[in-house]
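Before we start, here is the structure in question, set down as structure tokens.
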Amino acid sequence: MAKVVFPDHLLQQTGGTQETTVEATNFRGVLRALEQLWPGIEETLQKTAVAIDGQIYQDAWLEPVRPDSDIYFMQRIEGG
Amino acid sequence: MSRVHVTLSVNGEPREMLCEAHQSLLDALRDELGMTGTKEGCATGDCGACSVLADGRLVCSCLMLGVEAEGMDITTIEGIAQGSELHVVQRKFLEAAALQCGICTPGFIVAAKALLDQNPNPDETTIRYWLAGNLCRCTGYDKIVRAVQDAAQELAYEA
Amino acid sequence: MAEAHDYKAIGTRPVRPDGVDKVTGRANFGADLNLPNMLHGKMLRSPHAHARIKRVDVSRALAMDGVYAACSGGDFPTNERTTDLAKNCMARDKALYHGHAVAAVAARTPYIAERALDLIEVEYEPLAPVLDVDAAMADGAVLVDENLRTNGDASKPPSNVAAIVKFERGDVEQGFAEADVVVEVDCRVPTAHQGYIEPHACTATINEEGEATVWCCTQGHFDVRSLTANVLGKSVGEIKVIPSEIGGGFGGKTIIYLEPIAVKLSEMSGRPVKMVMTREEVFRATGPTSATHCRAKVGAKRDGKITAASAWLAYEAGAFAGAPVGPGCMSILAPYDLEHFSIEGHDVLVNKPKVAAYRAPGAPQAMHAMESAIDDLARELGMDPIDLRLKNSADEGTQAPYGPVFPAIGFRKCLEATKAHPNYTKPKAEGTGRGVAAGFWFNIGMQSSAEARLSEDGTVTVVEGNPDIGGSRASMCLMAAETLGVPYETVRTHVGDTESTGFCNVTGGSRTTFATGLAVVQACEDIIAQCKQRAAATWDVDVEQVDWADGQAIPKPGVNVDANPLSLRDIAKNAGRTGGPILGRASVNAQGAGASFSVNFADVKVDRETGKIDVLSFTGIQDAGTAIHPAYVEGQMQGGAVQGLGWALNEEYIYDENGVMENAGFLDYRVPVASDMPMIDTQIIEVPNPSHPYGVRGVGETPIVAPLAATSNAARDALGFRIADLPLSPPRVLEAIDNQADA
């Protein structure tokens, strides 16, 4: 099961859950699993950046996820 | 509104233009003569992007009226290169990477040329104070000052 | 991947391909386009920082001779989905800051347009403005937006705080309890502007079928296209955007202000409309960056091991939500490997212009606070500030405060290089102060497209979609030349408009050389693949039997074919007979942008009579990954340093009590001039980014991050006490000296 960690400002949507685990083989599967847990969260998460095993993605979708992956949602970085 | 007929020389060529009385030399050059190499950064004489030579003297063309240029000899950035040969200041700006976005570059080159015309061997402090009327937000001035130093050195070598 | 020293093109310093046009005045910037029959547009702006707009009547302006169109908020689609950006481009029911656009006209000359603005009637109901972050967060504060609730929580009362973000790890209370020394800094940094020398400008025309063309100076014309479409309620396909050369942006030209208004005025008049901002408009109405109030606290053991750190950040967003406080929170402790920390950030509305991105958005203010605290900590511990940072530095494998684990990063190398740098080992001069600070920026990847077109004579035209703001054409040419194995001079890079090249995100986030560079490299690899096929066909061998080296196809070792190598030129010449023109292309969503760390240090002298601080020397050391064109990497480091020094020493928006900016010009909003600055010494550290074929990290933003704290720390060293707030302008420094003498 991959570990998923939410930043504090998303906790309202997860009912206070900061960390959970999901079964998925790619990031799309992670989103689907989380949507099952908290309907409506997928839309928010699609606008959020994510770090999968240290690699930051602004628009993740098909990226593979391993059973021991660490997945951190984080604010999108833009820039000047 | 009636416009004023102005006869002047621009980069050595006789020109005529019709200016509104309130129109700055900068706007007249850009809008009446289509010479857009001279840039506007502030229109208040603070940034130097519009620097030109008026009878050899370095001025902000945003602070002069077009009608004041009557009978004058104006040099703009378009007149700095001689034919297909870049002026040494232009060449050194390129070689030293002394421009990033390039909007301030015409003003700096006109100002730097004016400096070297009257002082072919300026020290760093002199260069920095001479160019203090030209704002650059990209380079931090380091490579601009070095380009002017390089140009001075080449001029000295040639002399 | 080849080692750095094997590169032929990368790492050299050729003249940029657009250079000659930029030193001769030929290059066309935003305001340089004129079209036949063109009108000039001007904006009427709110004289109030906060007011309800009861009525706008443009009829008298429209009746004026020479005026052909006028519009106001009612002329743009308005519904519950109307974006903040649309309301920022043209106010609807409320003016939210002094300078907010409320109406516009188009006339035969700029002068007529200006006079027509006086004839527009606007009935305002002035409201009390809320003008700084502390007032906006206080109980009972005037509300900028009566419908705004913190983090969108409908159960909470309306507030000016749009969002609260938190990052925590471990047990920060326990960490502070373990500390032998705890220091705290509380500081304010005022609003600063990007200060690009070219004001915003655009020209727009629209035909009877609703197809619009916009020429403008922008960091991203694809974004201009989608944002303009959004404000006008049009489809993206109806708008074509052609980027001019851009006269600086630093983040401030990643959004739009004028474009939809110019299109609307063109639609109303049936003529092209040009709009150019004055410098005063740029200051009053375009994105500055956030003024901030930050508190940073850090505790350590006697040996320098940091046991805990905490930060409280409040950032002004301006009139609409979206201060860069998230990146502020995420960057503030990025250089350090910490067990216990807590960071809380607030995105706060005030009646000031909506902030826009400014070079490493949010990081300089946050890191000014924490790097000041770290400096105070070093003093308390009696440690060299570099040694203190080395003891706590993040490295490969450290979990960043914002979650992920760092791959290879160059922070320790920057610290070690600082310790060894002659400017650092040299004793400081009598009566001067020296200050050190660390800098960091994430850098981003995102989407880019590129084509590489092989011409019939073997020269290559690269077409990509990122406006060249600081020499990126040269970098693209270098990477293309390196990949193809051809001379730099045979490659030209062209910035295509929205119709002539594939989608590219903005030139920003230090992404262009990284992400668009990746697309260019891949497009060139596509050319190589096709060239190998053509060579194979020519030699009657399998494509697997063909190699590419030094710009030519050669048979692989051991392949028995009697053939001379085929150069790019040979293949180009014969392309018509071997299958047609050769066109390489690539589109990427680049992942793995590499963080760029820096260490900066400054030597300053304080004039105790006048309060003026002179910067005697400044050194920037930064990990660039690989420097593609080192001169332009140095240029980014030097330019960012001087912008940061300006912010540290002088730059600030000064407001009166009604929210009117009192220094909206370069005379009084004083950016550094040449005579203010010394040479800026640089040292490029190269720890290649494993996610880029040539190791590029991106360099543009990190340079502005450290100078604020480095200057503050140097002034602290010179003065013997800290002035926590910025800027360290003569009046503030003098007052602090006087107060210190009284105390």
Side-chain angles (χ1 to χ4, degrees), chain A residues 2-22 26-28 30-31 34 38-80, chain C residues 151-153 155 163-168 194 219 249-254 289 324-327 329-331 343-345 347 356-362 397 399-400 402-407 441-447 505-506 508-511 589-593 595 691 698 700-701 704:
Chain A
K3 182 174 88 174
V4 176
V5 183
F6 299 101
D8 285 28
H9 61 276
L10 291 180
L11 299 191
Q12 208 184 300
Q13 278 191 276
T14 64
T17 301
Q18 184 124 42
E19 195 176 313
T20 187
T21 54
V22 296
N26 65 14
F27 185 69
R28 185 175 57 181
V30 172
L31 288 180
L34 296 173
W38 298 290
I41 202 168
E42 187 174 352
E43 196 185 334
T44 308
L45 295 179
Q46 284 194 19
K47 293 181 215 149
T48 307
V50 64
I52 305 172
D53 300 322
Q55 177 87 275
I56 300 174
Y57 300 91
Q58 303 276 333
D59 309 283
W61 186 240
L62 299 174
E63 284 66 21
V65 168
R66 290 177 289 117
D68 60 343
S69 280
D70 287 338
I71 298 168
Y72 284 81
F73 286 98
M74 53 191 278
Q75 197 162 347
R76 249 184 217 211
I77 302 296
E78 291 178 359
Chain C
N151 291 356
D153 185 347
S155 68
I164 299 177
V165 293
K166 288 181 187 169
F167 295 86
E168 289 172 337
Q194 294 84 347
Q219 290 176 246
F250 314 107
K253 289 177 184 163
T254 56
T289 189
V325 70
C329 290
M330 290 157 74
S331 58
I343 307 161
E344 182 175 308
D347 178 10
Y358 180 20
R359 211 166 192 165
Q399 188 186 10
Y402 50 90
V405 174
F406 284 124
W441 186 248
F442 312 87
N443 297 331
I444 55 173
M446 305 187 10
Q447 300 176 72
N505 280 119
V506 293
S510 302
R511 63 172 292 281
N589 189 350
Q591 311 296 350
S691 300
E701 298 185 89
I704 201 174

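Excluded from the calculations below are hydrogen atoms, water molecules and symmetry mates; all remaining heavy atoms, backbone and side chain alike, are included. Each chain gets a letter, A, B and so on, in the order the sequences are listed, and its residues count up from 1.
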Using the ring pair (Phe, Tyr, Trp, His ring centres under 6.0 Å) criterion, which residues pair with Tyr72(A)? Sequence neighbours excluded.
none
Looking at Met330(C), Met446(C), Arg359(C), Gln447(C), which one has more heavy-atom pairs under 4.5 Å with chain A than the rest?
Met330(C)
May I ask you to list the residues in residues 62-71 of chain A that approach chain C closer than 4.5 angstrom, counting heavy atoms only, ordered by number?
Glu63(A)
Atom group of Ser691(C) that falls short of 4.5 Å from chain A, counting heavy atoms:
side chain
Tyr57(A) ring center near Phe27(A) ring center (under 6.0 Å)
no
Which heavy atom of Asn443(C) sits nearest to which heavy atom of Ala593(C), and what is that distance?
O-CB, 3.5 Å
Looking at Gly251(C) and Ala356(C), what are the two nearest heavy atoms and their distance?
O-CB, 4.5 Å
Beyond-backbone contact of Glu19(A) with Lys3(A), side-chain heavy atoms, under 4.5 angstrom
yes
Report which part of Asn151(C) has an atom under 4.5 Å of a heavy atom belonging to chain A: side chain, backbone, both, or neither.
both
Answer key: most heavy-atom pairs under 4.5 Å with chain A among Lys253(C), Gln399(C), Glu168(C) is Gln399(C)
Relative to chain C, which segment of Gln12(A) carries a heavy atom at a distance below 4.5 Å: side chain, backbone, both, or neither?
side chain
Taken in chain and number order and not counting sequence neighbours, the residues that satisfy side chain to side chain contact (heavy atoms under 4.5 Å, CB included) with Pro7(A) are His9(A), Leu10(A), Phe73(A)
Can you tell me how far the CZ atom of Arg511(C) sits from the CD1 atom of Ile444(C), to the nearest 0.5 Å?
6.5 Å
Phe6(A) side, atom CZ; Thr17(A) side, atom OG1 - distance, nearest 0.5 Å:
8.0 Å
Side chain / backbone / both / neither for Gln591(C) at chain A, heavy atoms under 4.5 Å
both
For Arg76(A), all residues meeting salt bridge (charged side-chain N to carboxylate O under 4.0 Å, His left out), sequence neighbours excluded:
Asp59(A)
